[in-house]
Amino acid sequence: MEKTFLMVKPDGVQRNLIGEIVSRFEKKGYQLVGAKLMNVSRELAEKHYAEHKERPFFGELVDFITSGPVFAMVWQGNNVIATARAMMGKTNPLDAAAGTIRGDFATSVGMNIIHGSDSPESAEREIGLWFSADEVLSYEKTIQRWI
Ligand code: ABT
Ligand code: MG
């Protein structure tokens, strides 16, 4: 079963959106298999955003993501990587459709509420970076068979 890494960024935590965001993925039919509220070290932030290292906004990005607690999660389910990205909406809230998380709650590219892995390769890399093996659970959800 496919897994992805999702994270409520510091702006989402400060704005009390953890419950709203978790609820959307639960209602969609996905299964939460790992979660923790945590402060992010600069080292972890720099590894997470390594692909943007040369970009002019890299410093601000690391400052932002380390500015307060984030809610890191692993979700599991059918096509969860691409579907979660669709549910999040486009990176720039100007382009994010109403009904998506960013479309409904975000106004800035830099502070856009949620992160989600953008491919199977990044999902594997990011889950490994943020969670240890024993923090990602495997448990039966019998309701899954109806969705
Ligand atoms: P993330 O989920 O944070 O990775 O966002 P997403 O994959 O939708 O967008 P990318 B392109 O990976 O952007 C990473 C972070 O960099 C911020 N950003 C991006 C800017 O501040 N300015 C820019 O011009 C671009 C392209 C947005 C993302 N977020 N944060 N926080
Ligand atoms: Mg990204």
Side-chain angles (χ1 to χ4, degrees), residues 1-138 141 147:
M1 191 63 91
E2 196 171 272
K3 289 189 182 69
T4 196
F5 171 69
L6 301 181
M7 168 173 62
V8 182
K9 294 179 181 178
D11 55 335
V13 173
Q14 292 295 325
R15 291 176 54 192
N16 301 319
L17 290 172
I18 294 175
E20 166 75 33
I21 288 167
V22 168
S23 180
R24 288 186 179 216
F25 292 101
E26 284 187 323
K27 287 176 187 161
K28 182 73 173 170
Y30 290 131
Q31 186 182 18
L32 184 62
V33 293
K36 53 186 172 182
L37 186 70
M38 59 185 281
N39 286 310
V40 184
S41 66
R42 289 197 80 83
E43 189 193 355
L44 176 57
E46 284 172 9
K47 279 188 191 158
H48 175 74
Y49 281 123
E51 65 175 307
H52 298 300
K53 212 173 175 121
E54 307 307 327
R55 309 281 282 273
F57 56 83
F58 184 72
E60 275 174 46
L61 194 54
V62 172
D63 287 347
F64 168 56
I65 216 72
T66 56
S67 66
V70 301
F71 192 64
M73 301 168 280
V74 181
W75 285 86
Q76 174 171 289
N78 198 21
N79 290 320
V80 69
I81 300 171
T83 307
R85 293 281 297 186
M87 290 168 66
M88 287 161 49
K90 295 270 171 59
T91 307
N92 186 341
L94 254 182
D95 304 322
T100 65
I101 293 167
R102 289 165 173 167
D104 289 351
F105 303 117
T107 61
S108 98
V109 193
M111 288 188 262
N112 58 15
I113 309 279
I114 183 166
H115 166 82
S117 306
D118 59 14
S119 66
E121 296 70 34
S122 47
E124 195 179 336
R125 185 184 81 87
E126 291 169 4
I127 291 169
L129 192 58
W130 289 83
F131 285 83
S132 60
D134 67 346
E135 289 174 329
V136 181
L137 312 184
S138 171
K141 234 186 184 181
I147 296 167

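Both ligands and their constituent atoms are indexed starting at 1 by order of listing. Hydrogens, waters and symmetry mates are skipped; everything else that's a heavy atom, side chains included, is used.
Numbered from 1 in the order shown, with element, the atoms of ligand 1 that lie under 4.0 Å from a heavy atom of G116 read 2 (O). Of all the atoms in ligand 1, the ones that sit under 4.0 Å from a non-hydrogen atom of F64 are 31 (N).
Closest to atom 15 (C) of ligand 1 among all protein heavy atoms lies L61 CD1, 3.5 Å. Remark: minimum distance from atom 8 (O) of ligand 1 to any protein heavy atom is reached at T91 OG1, 2.5 Å. The nearest protein atom to atom 1 (P) of ligand 1, hydrogens excluded, is given as H115 ND1, 3.2 Å; this is a heavy-atom distance.
No salt bridge links R102 with D95; every basic N to acidic carboxylate O contact stays at or beyond 4.0 Å.
Contacts of R85 with ligand 1, taken as heavy-atom pairs under 4.0 Å, involve the side chain alone. Under 4.0 angstrom from ligand 1, the non-hydrogen atoms of H52 all belong to its side chain. When non-hydrogen atoms are compared, ligand 1 lies under 4.0 Å from the side chain of R102 (C-beta onward) but not from its backbone.
A donor-acceptor contact shorter than 3.5 Å is absent between the side chain of Q31 and the backbone of Q76.
Among Y49, F57, F5, the residue whose heavy atom sits closest to atom 24 (O) of ligand 1 is F57.
Contact between R55 and ligand 1 is present, with at least one heavy atom of the residue lying under 4.0 Å from the ligand. Residue contacts with ligand 1 do not include M111, since none of its heavy atoms lies under 4.0 Å from the ligand. In this structure, V109 is part of the shell of residues with a heavy atom less than 4.0 angstrom from ligand 1.
The shortest N or O to N or O distance between K9 and ligand 1 is under 3.5 Å.
Between F5 and W130, the ring planes are parallel. Angles under 30° get that label, and only those over 60° would be called perpendicular. Between W75 and F25, the ring-plane angle classifies as tilted under the 30° and 60° cut-offs.
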